[in-house]
There are 4 protein chains.
Amino acid sequence: MTDANSDELYAVADFCLIPMGTGAVSVAAEIAECQRILSNGYGTNIEGPWSAVSKAIHDCHAAVHAHGAPRIATDIRIGTRVDRETAPGTGNDHKVRRVQEILQQDNAA
Amino acid sequence: MTDANSDELYAVADFCLIPMGTGAVSVAAEIAECQRILSNGYGTNIEGPWSAVSKAIHDCHAAVHAHGAPRIATDIRIGTRVDRETAPGTGNDHKVRRVQEILQQDNAA
Amino acid sequence: MTDANSDELYAVADFCLIPMGTGAVSVAAEIAECQRILSNGYGTNIEGPWSAVSKAIHDCHAAVHAHGAPRIATDIRIGTRVDRETAPGTGNDHKVRRVQEILQQDNAA
Amino acid sequence: MTDANSDELYAVADFCLIPMGTGAVSVAAEIAECQRILSNGYGTNIEGPWSAVSKAIHDCHAAVHAHGAPRIATDIRIGTRVDRETAPGTGNDHKVRRVQEILQQDNAA
């Protein structure tokens with residue numbers, strides 16, 4: 001899934017992965033498996049070049065299948081923008097910060 | 001949207017609300033508007049009786065429409081369970097904690 | 001979950017329901033259970049007053065829990081708009097038709 | 001985004017793409033743009049090797065950005081399974097057919 005195309009979009013995503021058919025009610029073990037792959041401490045938020053983000057989620061699926069789940073359903077929310085540069089690794093943080101700034105203006109007013 | 005039905009399910013949810021047709025690229029103002037309604041400091045995580053969770057998201061839509069958005073698209077991830085009681089307000093925390101415990105066992109091993 | 005509030009928004013939604021912890025790989029039986037409740041032949045598209053849409057999905061959860069699933073995760077995409085009236089039951093159809101019209105103009109050109 | 005890895009998972013997906021910051025309320029033009037890329041007549045259902053599915057959605061984003069949207073938010077539901085082979089192009093159809101079979105058994109009973 002490497003991509004030599006310089007026009008690849010930068011993506012900010014979060015995803016929710018649901019193993020199916022395991023008979024286990026808790027999915028904490030499977031989520032932990034994904035966190036080991038992502039190893040960024042931010043749970044299921046992930047960002048980077050689109051194909052890298054996609055590959056990371058694919059590899060979570062592969063890991064959770066290897067962990068015993070015959071079937072997996074994942075919901076991915078993914079965003080791209082071309083109006084400004086997103087400094088690598090700051091997309092999710094930036095969104096949170098902007099909201100906090102607006103709420104602080106409320107308190108100051 | 002009150003519900004006298006004692007069989008109503010307890011729901012743990014998170015949602016992502018996208019205002020449309022505003023011509024504004026940033027949605028930070030709209031998200032801040034929702035946070036004022038939810039006022040729980042947990043961003044877009046929300047939990048409680050199903051109808052209360054649903055009503056809170058509905059009221060976010062109403063507030064964001066009042067803020068000028070002619071159209072809104074929201075993605076809601078909502079879960080219910082009947083295998084154990086969820087102590088009020090602990091559903092999202094519990095999920096995060098279980099994953100952390102498993103990862104700590106990794107480090108200890 | 002009745003709502004006497006005349007300001008309730010009209011919602012157009014579709015949802016994807018995933019039973020968890022059943023040990024069964026196929027979810028066709030559970031989806032069929034939901035279709036019996038919705039009984040509109042449109043799979044998981046649903047529209048109406050917000051609280052009615054929400055209650056229908058809640059009742060699907062209740063039916064699928066009664067069918068044996070200890071836990072359920074659902075993804076709901078729900079939209080509202082205040083720029084024009086949506087004639088009852090036409091929201092999803094309208095969206096499909098608009099796209100088809102645009103594509104037909106392509107072919108005609 | 002080509003992938004020489006024979007272990008790539010086969011994915012069945014559907015997605016909902018929301019252009020942001022265009023000032024236009026209708027997204028029919030943008031969806032039509034995506035349909036031109038996907039050209040399969042099935043709206044936003046798509047399936048194939050994971051990286052191909054991902055690339056198709058990426059290319060929809062690129063087309064919609066080129067169409068004038070500064071920002072795009074997409075929700076993707078994507079599933080994989082390792083318990084049986086999915087014949088190419090049949091994943092979504094198979095799911096619908098299984099539900100219909102169960103409902104027909106209802107009617108026959």
Side-chain angles (χ1 to χ4, degrees), chain A residues 1-23 30 44 46 48-86 91-92 94-95 98, chain D residues 1-23 30 44 46 48-86 91-92 94-95 98:
Chain A
M1 287 189 219
T2 54
D3 184 1
N5 187 344
S6 62
D7 293 334
E8 185 178 6
L9 293 164
Y10 187 88
V12 176
D14 86 295
F15 66 100
C16 173
L17 183 156
I18 312 281
M20 298 166 71
T22 61
E30 283 81 0
T44 51
I46 181 172
W50 181 291
S51 61
V53 167
S54 170
K55 182 171 176 5
I57 301 173
H58 171 275
D59 291 353
C60 283
H61 272 236
V64 173
H65 280 311
H67 199 265
R71 193 169 172 183
I72 303 170
T74 289
D75 181 62
I76 306 169
R77 295 173 186 151
I78 189 164
T80 57
R81 62 191 309 171
V82 294
D83 59 322
R84 65 169 180 77
E85 283 295 309
T86 304
N92 276 309
H94 179 79
K95 290 197 292 186
R98 277 297 299 142
Chain D
M1 287 191 218
T2 54
D3 184 0
N5 187 345
S6 62
D7 292 335
E8 185 178 6
L9 292 164
Y10 187 87
V12 176
D14 86 295
F15 66 101
C16 174
L17 183 156
I18 313 281
M20 298 167 70
T22 61
E30 284 81 0
T44 51
I46 181 173
W50 180 290
S51 60
V53 167
S54 170
K55 182 171 176 5
I57 301 173
H58 171 275
D59 291 352
C60 284
H61 272 237
V64 174
H65 280 311
H67 199 266
R71 193 170 171 182
I72 302 170
T74 289
D75 181 61
I76 306 169
R77 295 173 185 151
I78 189 164
T80 57
R81 61 192 308 170
V82 294
D83 58 324
R84 65 169 180 78
E85 282 296 308
T86 302
N92 276 308
H94 179 79
K95 288 196 292 185
R98 276 298 297 142

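We name chains A, B, ... by the order of the sequence lines, and we start the count at 1 in each one.
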Nearest 0.5 Å, please: how far is CG in A:L17 from OG1 in D:T80? 8.0 Å
Donor-acceptor contact below 3.5 Å, side chain D:W50 vs main chain A:S54: yes
Mind checking what makes side chain to side chain contact (heavy atoms under 4.5 Å, CB included) contact with A:A73, not counting sequence neighbours? A:M20, C:I18
What closest approach, in Å, do D:I78 and A:H61 show between heavy atoms, and which atom pair accounts for it? O-CE1, 4.0 Å
Residue D:A11 versus chain A: region with a heavy atom under 4.5 Å: neither
Of the options A:V82, A:D83, A:D7, which is the one that meets D:H65 in a side chain to side chain contact (heavy atoms under 4.5 Å, CB included)? A:V82
In terms of heavy-atom contacts, D:H58 and A:L9 come closest through NE2-N, 3.0 Å
